[in-house]
Protein chains: 2
Amino acid sequence: MAQQPLHFTLDRTSPVPLYFQLSQQLEAAIEQGVLAPGSLLGNEIELAGRLGLSRPTVRQAIQSLVDKGLLVRRRGVGTQVVHSQVRRPLELSSLYDDLEAAGQRPATRVLHHGTEPATAQVAAALGVPEGTEVRYVERLRLAHGEPVAHLRNHLPAGLLDAGADALAETGLYRLMRSAGITLHSARQTIGARAATAEEARLLGEPEGAPLLTMERTTFDDTGRAVEFGSHLYRASRYSFDFQLLARP
Amino acid sequence: MAQQPLHFTLDRTSPVPLYFQLSQQLEAAIEQGVLAPGSLLGNEIELAGRLGLSRPTVRQAIQSLVDKGLLVRRRGVGTQVVHSQVRRPLELSSLYDDLEAAGQRPATRVLHHGTEPATAQVAAALGVPEGTEVRYVERLRLAHGEPVAHLRNHLPAGLLDAGADALAETGLYRLMRSAGITLHSARQTIGARAATAEEARLLGEPEGAPLLTMERTTFDDTGRAVEFGSHLYRASRYSFDFQLLARP
DNA sequence: GAGTGGTCTAGACCACGGC
DNA sequence: CCGTGGTCTAGACCACTCT
């Protein structure tokens with residue numbers, strides 16, 4: 001468990017905060033196995049002195065990795081690298097990015113694209129009066145040329161003016177971020193049901209095949225609902241896969 | 001948006017940290033609507049002065065609520081209460097606790113309970129050699145007397161010595177926490193498939209009915225796998241419902 | 001320019017775990 | 001007992017946003 005002192009390089013002229021420079025280098029050391037799982041980090045005071053930083057700054061760097069689940073602190077013991085392989089926790093990510101990260105070559109077919117009056121369900125989700133004109137987008141998502149999901153999204157009018165070609169090329173979340181929208185949180189429900197004849201045809205499944213359903217409302221940091229989605233996934237080709245961290 | 005000064009009471013003799021006392025009272029004020037959504041919190045320096053605290057302490061209290069998604073900070077503007085109704089993010093919770101919190105009167109029927117040699121899948125998940133004797137528990141979870149889920153769990157031998165009666169009365173996570181195990185993270189996969197004849201019979205569904213599946217491996221803070229679960233939920237009576245926060 | 005949060009310092013004392 | 005992280009102070013300067 002004994003640790004030879006790691007070397008960190010800090011650039012005080014950089015606009016990157018010192019605690020962030022340190023946490024990045026620590027994280028890299030953990031991921032590359034330079035800091036073995038279970039090994040102790042060395043106490044904070046000594047580390048601060050060695051780096052020429054104050055203890056609160058070092059603590060801030062360590063804390064950010066504790067929040068990520070990479071480190072565990074124990075009073076009277078020290079700070080240890082977690083043993084288990086931590087993958088990323090569930091993020092506010094889009095299916096497109098997930099598929100791309102998995103090397104699945106995502107593609108999108110835009111089936112529908114225009115405005116519609118909001119139904120009661122959509123109006124409630126977006127927080128607008130029923131009947132308000134809202135943007136409606138219906139897409140089929142493919143991976144390796146095979147249908148994976150049928151995506152139906154409603155957005156407040158005027159929020160995003162992406163055309164069909166932009167929608168075909170990338171994910172909705174990426175488009176919203178590019179438009180300067182800061183995504184803050186989302187409320188999701190994941191369930192399952194049997195495919196109707198129409199859904200089966202679209203997704204290339206037999207009628208009655210089990211489908212995963214997800215409904216999601218996404219909010220920006222002002223509390224505005226920016227998107228309501230109602231999606232269907234082929235259970236035979238897709239599952240939700242994620243990591244949870246305990247809330248201490 | 002102007003805010004009349006809120007009153008907070010801090011007890012310096014309490015073992016509860018000052019930042020935590022403050023964050024709890026802030027959270028209560030937000031939840032009770034005393035701090036309206038969108039309202040500004042007042043600047044940190046003034047708040048610190050009024051409470052007789054240092055600014056870092058006040059910042060720590062505020063930061064914990066930002067992490068929970070209740071507050072948003074904007075440089076040059078101030079700290080605001082988030083507009084949207086934030087429910088809790090996805091937690092490391094057990095079905096039992098979820099059902100109980102929803103007022104569903106959960107009950108458990110223990111179907112099986114003993115030790116078994118680990119299959120390849122179980123061995124890989126728990127990080128033990130294949131064939132090692134592991135604890136196996138099979139339960140049926142009911143709500144309002146109706147089956148909701150079929151739960152199969154594998155645990156390392158010797159980790160938990162709960163009897164069938166304890167398993168019938170509460171959830172597995174609660175038992176593990178009582179046994180001094182600190183849950184740290186879990187890896188989950190949620191999917192769907194059609195029910196086999198046997199599964200349909202157990203859950204009171206027609207054969208071929210869509211079921212939600214979840215596989216989960218849970219780790220404690222030393223990185224040990226403490227549980228591998230393979231669960232089936234009736235899609236007609238259960239869905240996963242949760243809130244995500246953006247990772248800034 | 002005024003006001004806000006973002007970062008950082010150099011100390012201090014306390015609580016808990018292991019020896 | 002000693003060493004660890006947990007909490008807290010009283011300042012400082014910077015970066016960003018709004019008017």
Side-chain angles (χ1 to χ4, degrees), chain A residues 1-3 8 10-24 26 38-67 70-82 180 182 184 221-222 248, chain B residues 1-3 5 8 10-24 26 38-67 70-82 180 182 184 220-222 248:
Chain A
M1 290 299 185
Q3 200 66 40
F8 299 102
L10 298 173
D11 176 5
R12 295 189 100 93
T13 69
S14 162
V16 178
L18 293 171
Y19 79 89
F20 193 75
Q21 294 184 35
L22 177 55
S23 74
Q24 279 190 316
L26 273 172
S39 62
L40 288 166
L41 209 59
N43 80 66
E44 299 172 349
I45 316 248
E46 185 266 348
L47 187 55
R50 191 149 57 80
L51 297 175
L53 295 173
S54 71
R55 187 182 167 208
T57 301
V58 171
R59 272 183 69 79
Q60 191 175 0
I62 292 175
Q63 186 60 45
S64 70
L65 298 184
V66 172
D67 291 340
L70 293 174
L71 296 174
V72 181
R73 298 178 128 130
R74 298 165 190 276
R75 245 210 277 241
V77 178
T79 303
Q80 283 178 305
V81 180
V82 160
T182 308
H184 176 264
D221 60 359
T222 70
Chain B
M1 290 301 180
Q3 200 68 37
F8 298 102
L10 298 173
D11 177 5
R12 295 190 100 93
T13 70
S14 161
V16 178
L18 293 171
Y19 79 89
F20 194 74
Q21 294 183 36
L22 177 56
S23 74
Q24 279 189 317
L26 273 172
S39 62
L40 287 166
L41 211 60
N43 80 66
E44 299 172 350
I45 316 247
E46 185 268 345
L47 186 56
R50 189 149 59 77
L51 297 175
L53 294 173
S54 71
R55 187 183 167 206
T57 302
V58 170
R59 272 185 68 81
Q60 193 175 359
I62 292 175
Q63 187 60 45
S64 71
L65 298 183
V66 172
D67 292 340
L70 294 175
L71 297 175
V72 181
R73 298 179 129 134
R74 297 166 189 276
R75 235 203 282 237
V77 178
T79 303
Q80 284 179 304
V81 179
V82 161
T182 306
H184 177 264
D220 73 359
D221 58 0
T222 69

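On a predicted model such as this, the values are computed, not experimentally measured, just so you know. Chain letters run A, B, ... following the sequence lines, proteins first and then strands; every chain starts at 1.
Atom CG in B:Asp67 sits 6.0 Å away from atom CG in A:Asp67 (nearest 0.5 Å). The OG1 atom of B:Thr79 lies 10.5 Å from the CG atom of B:Leu65; values are rounded to the nearest 0.5 Å. The distance from the CD atom of B:Gln80 to the OG atom of B:Ser39 is 8.0 Å, given to the nearest 0.5 Å. Separating the CD atom in A:Glu46 from the CG atom in A:Leu51 is a distance of 8.5 Å, to the nearest 0.5 Å.
Contacts between chain A and DNA chain C, taken as any atom within less than 4.0 angstrom of a protein heavy atom, begin and end at C:dT7 to C:dG17.
Within a heavy-atom distance below 4.0 Å of DNA chain C, no residue of residues 16-24 of chain B is found. Within residues 52-63 of chain A, the residues that place at least one heavy atom under 4.0 Å from DNA chain C are, in residue-number order, A:Gly52, A:Leu53, A:Ser54, A:Arg55, A:Pro56, A:Thr57.
Counting heavy atoms from C-beta outward, A:Leu26 and A:Leu70 have side chains that stay 4.5 Å or more apart. At a threshold of 4.5 Å between non-hydrogen side-chain atoms, the residues A:Arg74 and B:Thr222 count as touching. Contact annotation: the side chain of B:Leu53 approaches that of B:Arg12 to within less than 4.5 Å [non-hydrogen atoms, C-beta and beyond].
By the side-chain contact (heavy atoms from CB on, under 4.5 Å) test, B:Arg59 pairs with B:Glu44, B:Arg55, B:Arg73, sequence neighbours left out.
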Indicate every side-chain donor-acceptor pair of residues 15-24 of chain B with a distance under 3.5 Å to a residue at least two apart or in another chain.
{"from": "B:Gln21", "atom 1": "OE1", "to": "B:Asp11", "atom 2": "N", "distance (Å)": "2.8"}
{"from": "B:Gln21", "atom 1": "NE2", "to": "B:Asp11", "atom 2": "O", "distance (Å)": "2.9"}
{"from": "B:Gln21", "atom 1": "NE2", "to": "B:Val16", "atom 2": "O", "distance (Å)": "2.9"}
{"from": "B:Ser23", "atom 1": "OG", "to": "B:Phe20", "atom 2": "O", "distance (Å)": "3.1"}

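Looking at every heavy atom in both residues, A:Leu41 comes nearest to A:Leu71 through CD2-CD1, 4.1 Å. B:Ile45 approaches B:Asn43 most closely through the heavy-atom pair N-OD1, 2.9 Å.
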Short heteroatom pairs, N/O only, protein and nucleotides 1-4 of chain D, under 3.5 Å:
{"from": "D:dT4", "atom 1": "OP1", "to": "A:Asn43", "atom 2": "ND2", "distance (Å)": "3.2"}
{"from": "D:dT4", "atom 1": "OP2", "to": "A:Asn43", "atom 2": "ND2", "distance (Å)": "3.2"}
{"from": "D:dT4", "atom 1": "O2", "to": "A:Gly76", "atom 2": "N", "distance (Å)": "3.3"}

